[in-house]
Trainee: 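Mind having a look at this structure? Questions to follow.
Residue numbers start from 1 in every chain, and the chains themselves are labelled A, B, ... in the order their sequence lines are given, proteins ahead of strands.
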There are 2 protein chains.
Amino acid sequence: MNGGKTVRLIDIANRLGLTVNTVSRALRDKSDIGAETKERVRNTAREMGYIPNSIASSLRKGSSKTIAIVFDNLVNPYFMIMADKIHSRLDARGYASMIFAGYEGGFTTEILGQILSRKVDGIITFLEPDLDVLRILSTNQIPIVLLGRKNTTLEVDSVATDDFKGGYLITEAMIASGAKKIAYIGVPSTVECSVRRLNGMTKCLKDHQVPFYSELSHFVNGESIEQIFHKLKDSQTDAIFCFNDMIALEVYRFAAESGLKVPSELKIGGFDDIQTEFKMPIKLTTIASDRDEIVDTTIRLMLDKVRQKTPYDDYQYVDFDVRIVYGDTT
Amino acid sequence: MNGGKTVRLIDIANRLGLTVNTVSRALRDKSDIGAETKERVRNTAREMGYIPNSIASSLRKGSSKTIAIVFDNLVNPYFMIMADKIHSRLDARGYASMIFAGYEGGFTTEILGQILSRKVDGIITFLEPDLDVLRILSTNQIPIVLLGRKNTTLEVDSVATDDFKGGYLITEAMIASGAKKIAYIGVPSTVECSVRRLNGMTKCLKDHQVPFYSELSHFVNGESIEQIFHKLKDSQTDAIFCFNDMIALEVYRFAAESGLKVPSELKIGGFDDIQTEFKMPIKLTTIASDRDEIVDTTIRLMLDKVRQKTPYDDYQYVDFDVRIVYGDTT
DNA sequence: ATAGCAAACATTATCGTTAATGTCAAGCAT
DNA sequence: ATGCTTGACATTAACGATAATGTTTGCTAT
């Protein structure tokens, strides 16, 4: 276009004999700029290939129109499905998404520094933040929404599924399909929702007078699913409720490799219903929820705070209903 | 900390009776600042909870330390695996990753505007950019690397796998397992790598004197895999080479539902080997490559240009070797 | 004693955009 | 004709950090 240098407002201004401010306001369609001038500015901006510098704009306005999305791990279908929806909804409202991921050690203040230095307008996280993190966010009045992993002990907006009901429903399905000895493979008990799912399961067992074997509950934290699977296999377990579909699929794989028939010899229950977007060779019995609704609520909570329609300290813990999806594993 | 307002360099400066510049240089460990001063600055910065404003820094320095990652769709295991690796490598080098996704209409200049307005230092894309896009990037000297979808007609750094060899190897595996009538399910032929994979397949068929039925080649572009599958089923196809593992898994699902035995009645070949990170109930015969090496090369090409170690117009088309992974589908 | 120099910090200008005021001429009512 | 409004643009001052220069003090060498 103009031989290397990027086009700025001042370049347009000089070309037209106007000032930067007039050009800026013209492009933003402010009312105190003449209609004809606006038209000329828009045209020359296009001709000169002007691209707004949102860094400069952010600095001046104090808002970057960017939302941070925090994962522990990108390679998780459920997170990706949600992230995809979050991203497209934010995009439609003019917000960019910045990824922050790969934090095995949790959501610490160190990570927060990196996020805040980018001057994001808000944070949507799949990772439970530290108390210190929440404190810093609060003093800086940066909104944060915890997604998928509701934690009622934290003062933070949370949007999640009804884990208890999910655990209950999936257990019920396994019992209905003949399960007598049901195991649980979850994630570390520091993750509240894993505990809630297990609680739903034990309640269901009690209601149906099926015994609960606490030694069959596993909270994966480094050990391989394979090891756990083989332990369970030796213990005559006939059903496994898995924290999520990823674990369920892996369990299915080991079952198949060990020659265990699913569902006759082993019933498997998952959680998340990722098969709607990730086509699988088998159909899992799993727990589904209305993800669009969940994401819409998340975005709404976030943007309401970003735009200060909601006071910062007005926390909400939203739970969404779940339903069971019957597959070939029960 | 200090009651709401965010801490800036000038706040530290005032507290210590220094100037902003001195504080700035102290924090960046410049040589013209006294050791004792540096220490005092660092301490009060920590005490006051100073978080650098990288927006301001970016504006002044003209570099945002951010790389754009462009997808057509986030919900694709292969992209996720790669994105995860890209992200963590960039993060280790101090670069943030900004997601741009959901562009069904391709990588157009409109999207580019959004990316460039964010003043990213470079773009890593899984989507083939328009010619206009490349032209604008060139005038602005913004580096771009095309990943996974090498296109030799475009003047752009490309890093990809040896698609031809992959197509050849997978076809060879299907033939070895008894396939006589092999179909192909790819993506639209505007995507060069889909064509290259098919070319590898036809070459292999020729070498092994197995007939090629062009009517069995499909380039999915909206139709459902299910429809195509049933058409192929009616035509007595005994093997299907799928453009990627996602399609292969879906095909497997329909085969299972139709009662077709895999691999005896139907052989299935995939591409990408996503099962290393996504545990599947079955093991696919597929094409693998060294993803770490691919990503490392991508990052190297990118950062070398960002840091101007490589001239902008020095394009490279890097192909990585592939190998076959034998699964239960051949 | 004084030029010369370096260490350590201060001043000033700048990145590109935007908000808050200023200016000025045309149009209107009294 | 005078004052007042208002439309349309200009001026000035931020936003926070950093690069390019300045300034001061103390010390060394001659």
Trainee: Check the pair B:Arg291 / B:Glu277 against salt bridge (charged side-chain N to carboxylate O under 4.0 Å, His left out), numbers first and verdict last.
Mentor: CA-CA 12 Å; B:Arg291 293 187 200 114; B:Glu277 8 268 301; 2.7 Å; yes
Trainee: Establish whether the base of C:dT11 is bridged to the side chain of B:Asn21 by a donor-acceptor pair shorter than 3.5 Å.
Mentor: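 Yes, the side chain and the base share a sub-3.5 Å donor-acceptor pair.
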Trainee: Using a strict threshold of under 4.0 Å (side-chain N to carboxylate O), is an ion pair present between A:Asp319 and A:Lys150?
Mentor: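 A salt bridge is present here (some side-chain N lies under 4.0 Å from a carboxylate O).
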Trainee: For B:Asn151 and B:Thr153, test the side chains for any donor-to-acceptor distance below 3.5 angstrom and give the result as yes or no.
Mentor: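 Yes.
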Trainee: Let's test your reading of the model: under 3.5 Å, does the base of C:dT18 pair with the side chain of A:Arg60 as donor and acceptor?
Mentor: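 Counting by modelled atom types and ignoring angles, a donor-acceptor contact under 3.5 Å is found here.
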Trainee: Counting only side-chain N and O atoms of A:Ser24, is one of them less than 4.0 Å from OP1 or OP2 of C:dT18?
Mentor: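 The answer is yes; a side-chain N or O of A:Ser24 sits under 4.0 Å from OP1 or OP2.
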Trainee: C:dT17 P sits how many Å from B:Ile55 CD1, rounded?
Mentor: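 Atom-to-atom, B:Ile55 to C:dT17, this comes out as 14 Å.
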Trainee: Would you work out how much the helix from C:dA1-D:dT30 to C:dT30-D:dA1 bends between its ends, with each end axis defined by five base pairs, to 10 degrees?
Mentor: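 Answer rounded to 10°: the end axes differ by 60°.
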Trainee: May I have the distance from B:Glu36 (atom CD) to C:dA7 (atom C1'), rounded to whole angstrom?
Mentor: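 After rounding, the gap between these two atoms is 14 Å.
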Trainee: A:Val295 versus A:Val159: any side-chain heavy-atom pair under 4.5 Å?
Mentor: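 A:Val295 vs A:Val159: side chains apart.
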Trainee: Between A:Thr66 and B:Arg118, is any side-chain donor less than 3.5 angstrom from a side-chain acceptor?
Mentor: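 Indeed, the side chains of A:Thr66 and B:Arg118 share at least one donor-acceptor pair under 3.5 Å.
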Trainee: Can you tell me how far P of C:dC15 sits from CG of B:Asn53, to the nearest Å?
Mentor: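 Answer to the nearest Å: 18 Å.
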Trainee: Quick one: are A:Glu128 and A:Leu146 in side-chain contact, heavy atoms under 4.5 Å?
Mentor: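 When only atoms from C-beta onward are counted, A:Leu146 and A:Glu128 do touch, with a gap below 4.5 Å.
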Trainee: With respect to the phosphate group of C:dG16, does any side-chain polar atom (N or O) of A:Tyr50 fall under 4.0 Å of OP1 or OP2?
Mentor: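 Answer no for this pair, as no side-chain N or O of A:Tyr50 is under 4.0 Å from OP1 or OP2.
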Trainee: Between A:Asp91 and A:His87, is there a donor-acceptor pair closer than 3.5 Å when you use the side chain of the first and the backbone of the second?
Mentor: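 Judged by distance alone, no pair lies under 3.5 Å.
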Trainee: Side chains of B:Thr22 and B:Thr19: any donor to acceptor distance under 3.5 Å?
Mentor: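 Yes.
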Trainee: Within the 4.0 Å heavy-atom criterion, would you say A:Leu18 contacts the bases, only the backbone, or no part of the nucleic acid?
Mentor: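 Since only primed, P, OP1 and OP2 atoms lie under 4.0 Å of A:Leu18, the category is sugar-phosphate.
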Trainee: Could you pick out which residue, A:Ser57 or B:Thr22, lies toward the 5' side of DNA chain C when each is mapped onto its nearest nucleotide?
Mentor: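 Comparing both residues, the 5'-ward one is B:Thr22.
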Trainee: For the residue pair B:Ser24 and B:Arg28, confirm or rule out a side-chain donor-acceptor distance under 3.5 Å.
Mentor: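 Per modelled atom types, B:Ser24 and B:Arg28 side chains form a pair under 3.5 Å.
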Trainee: Is there a residue in residues 25-35 of chain A whose heavy atoms reach under 4.0 Å of DNA chain C, and which residues are they?
Mentor: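 Result for residues 25-35 of chain A: A:Arg28, sorted by number.
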Trainee: Mind checking the CZ-OG1 spacing from A:Phe107 to A:Thr125? Nearest 0.5 Å is all I need.
Mentor: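 Rounded to the nearest 0.5 Å, the CZ-OG1 separation comes to 5.0 Å.
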Trainee: In this structure, how many angstroms lie between the P atom of C:dA8 and the CZ atom of B:Arg40, rounded?
Mentor: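 In whole Å, C:dA8 P lies 14 Å from B:Arg40 CZ.
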Trainee: Of all nucleotides in DNA chain D with an atom under 4.0 Å from a non-hydrogen atom of chain B, which is the first and which the last going 5' to 3'?
Mentor: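 Range of nucleotides within reach of chain B: D:dG16 to D:dA20.
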Trainee: Using whole Å, report how far CD1 of A:Ile10 lies from P of C:dC15.
Mentor: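 Between P of C:dC15 and CD1 of A:Ile10: 8 Å.
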Trainee: Walk me through it: do A:Lys305 and A:Asp157 pass the test salt bridge (charged side-chain N to carboxylate O under 4.0 Å, His left out)?
Mentor: CA-CA 10 Å; A:Lys305 285 207 175 165; A:Asp157 281 316; 2.8 Å; yes
